[in-house]
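Down below is the structure, laid out as structure tokens.
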Amino acid sequence: MASFLDPLAPYIPLFGVDHLLALGTVLAAVALLLAFRRQVRELAPVLRWGLLVLTLAQQVALYSYQALVAGWDWGDSLPLHISRVTTLILMAYLITGRRTVLEVGFYFGLYAYATFIYPQRIQPMDHLMGWSFLVSHAVTILVPVLAGIADGWRPTVRGLWRSYAWFLAYFGVVLGVNALTDGNYFYLKFRPFLQALPDPLYWLAACAATLALMWIGYAVARSIPVQRGVQGAEVIARSGLSARS
């Protein structure tokens with residue numbers, strides 16, 4: 001139990017056992033959703049509630065650990081990391097079923113794919129923070145896949161620009177909070193790339209790269225054929241977690 005809560009646990013190496021375990025877990029979950037589309041459509045409301053309960057447990061564990069074990073750090077513990085913001089957005093979607101909320105969660109969540117490929121400052125998977133990372137990022141990836149299979153949801157250009165506007169607002173908040181707390185939100189203090197680039201240029205590059213990432217995510221998602229099942233649509237329409245525009 002001590003290692004599960006150790007605040008000094010080392011970070012996982014790139015393509016180490018823990019990194020591959022996280023990748024494999026998410027890929028396996030996506031493969032199961034795709035392999036059992038009919039069952040996914042039939043059980044979509046149950047799956048949504050299950051993901052919501054799992055995410056709520058992850059959120060409680062995450063912030064309890066930050067407050068009671070690791071020690072609260074205003075520069076790291078707030079829900080301002082892009083992954084944490086995305087998790088909250090997708091929780092709102094799972095509760096409300098609103099597609100406009102889902103789109104913002106999808107576009108913000110594209111960073112989850114990048115984080116899985118190139119993890120930064122992540123604890124092992126047998127650590128509470130490593131487990132929290134796996135759950136939140138897996139949910140970020142699985143919720144849009146579930147929405148695509150269950151009711152034919154696809155991202156839109158209008159949603160892209162709306163999401164980018166929200167990202168710019170988020171980025172402005174992050175710059176202010178980082179300045180006040182010496183924080184590392186959006187990895188602007190401990191950068192994964194371009195460490196020698198002056199701050200203003202790096203900020204512009206980060207915003208430009210985010211817009212490019214959103215367009216790539218849009219293009220890839222729209223290129224994947226999605227067929228809405230009639231039976232699944234009827235089940236979703238009757239559920240309390242139906243997708244609404």
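Residue numbers count from 1 along this sequence.
- The backbone N or O of V220 sits less than 3.5 Å from a side-chain atom of S223, completing a donor-acceptor pair.
- A salt bridge does not link R99 to E103: none of the charged side-chain nitrogens sits closer than 4.0 Å to a carboxylate oxygen.
- Under the 3.5 Å distance criterion, with hydrogens and angles disregarded, no donor-acceptor pair is assigned to the side chains of T156 and Y218.
- Taking CG from L128 and CG from L62, the interatomic distance works out to 8.0 Å, rounded to the nearest 0.5 Å.
- Taking the six-membered ring for Trp and thresholds of 30 and 60 degrees, F116 and H137 have ring planes more than 60 degrees apart, a perpendicular arrangement.
- Of the N and O atoms on the side chains of N184 and H81, not one donor lies less than 3.5 Å from an acceptor on the other residue.
- Hydrophobic clustering (ILVMFWY, side-chain heavy atoms < 4.5 Å, transitive): L197 and L188 are in one cluster.
- If you take CG on L168 and OG1 on T210, they are separated by 8.5 Å, rounding to the nearest 0.5 Å.
- With a 6.0 Å radius and a threshold of 12 heavy atoms from other residues, nucleotides or ligands, W166 has its CH2 atom at or below the threshold.
- Under the 4.5 Å side-chain heavy-atom criterion for Ile, Leu, Val, Met, Phe, Trp and Tyr, L142 and L43 are members of the same hydrophobic cluster.
- Considering all non-hydrogen atoms of both residues, L110 and G217 come closest at CD1-CA, 3.9 Å.
- Going from atom CG of N178 over to atom CZ of F171 covers 9.0 Å, rounded to the nearest 0.5 Å.
- Ion pairing of R191 with D199 is present here, as a side-chain N (NZ or NE/NH1/NH2) and a carboxylate O approach within less than 4.0 Å.
- Side-chain N or O atoms of Y170 include one that pairs as donor or acceptor with a backbone N or O of I82 at under 3.5 Å.
- F36 and I149 fall into different hydrophobic clusters, where Ile, Leu, Val, Met, Phe, Trp and Tyr are joined by side-chain heavy atoms under 4.5 Å apart, directly or via other members.
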Practice prompt. Using the side chain to side chain contact (heavy atoms under 4.5 Å, CB included) rule, take F190 and Q195 through it: C-alpha gap first, then chi angles, then the decisive distance, then the call.
Written response: CA-CA 8 Å; F190 300 110; Q195 291 86 353; over 6 Å; no

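- Looking at R41, its side chain never comes within 3.5 Å of a backbone N or O of D151 through a donor-acceptor pair.
- Hydrophobic clustering of Ile, Leu, Val, Met, Phe, Trp and Tyr side chains at less than 4.5 Å, counting indirect connections, keeps V46 apart from V40.
- Put simply, CG on L23 and CG on D18 are 11.0 Å apart, with the number rounded to the nearest 0.5 Å.
- Checked against the 6.0 Å centroid threshold, F186 and Y111 count as a close aromatic pair.
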Item to complete: Give the C-alpha distance, both sets of side-chain angles, the deciding distance and a yes or no for side chain to side chain contact (heavy atoms under 4.5 Å, CB included) between M125 and W131.
Response: CA-CA 5 Å; M125 295 303 108; W131 170 84; over 6 Å; no

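- The aromatic ring centroids of F193 and Y118 lie less than 6.0 Å from each other.
- R154 approaches I224 most closely through the heavy-atom pair NH2-O, 3.1 Å.
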Worksheet item: Between T140 and T87, is a side chain to side chain contact (heavy atoms under 4.5 Å, CB included) present by the stated rule, with each step listed?
Response: CA-CA 6 Å; T140 296; T87 300; 4.2 Å; yes

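- Heavy-atom contacts from other residues, nucleotides or ligands closer than 6.0 Å to CH2 of W74 number 12 or fewer.
- Of all non-hydrogen atoms in V26 and A138, the two that sit nearest each other are CG2-CB, 3.8 Å.
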Item to complete: Walk me through it: do L78 and Y63 pass the test side chain to side chain contact (heavy atoms under 4.5 Å, CB included)?
Response: CA-CA 9 Å; L78 294 171; Y63 293 108; over 6 Å; no

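- The nearest pair of heavy atoms linking S77 to G71 is OG-O, 4.2 Å.
- In this structure, R48 contributes its side chain and I95 its backbone to no donor-acceptor pair below 3.5 Å.
- Between Y185 and D76 the shortest heavy-atom distance is OH-N, 3.1 Å.
- Contact record, G159 with Y107: C-CE1, 3.6 Å, taken as the closest heavy-atom pair.
- In this structure, W153 has its ring center under 6.0 Å from that of F106.
- Geometrically, R98 does not engage Y93 in a cation-pi contact defined by less than 6.0 Å to the ring centre and at most 45° from the axis.
- Paired with S132 under the rule side chain to side chain donor-acceptor pair (under 3.5 Å), one option of H127, Q58, R84, Q123 passes, and it is Q58.
- Remark: L33 CG to I141 CD1 distance equals 11.5 Å, nearest 0.5 Å.
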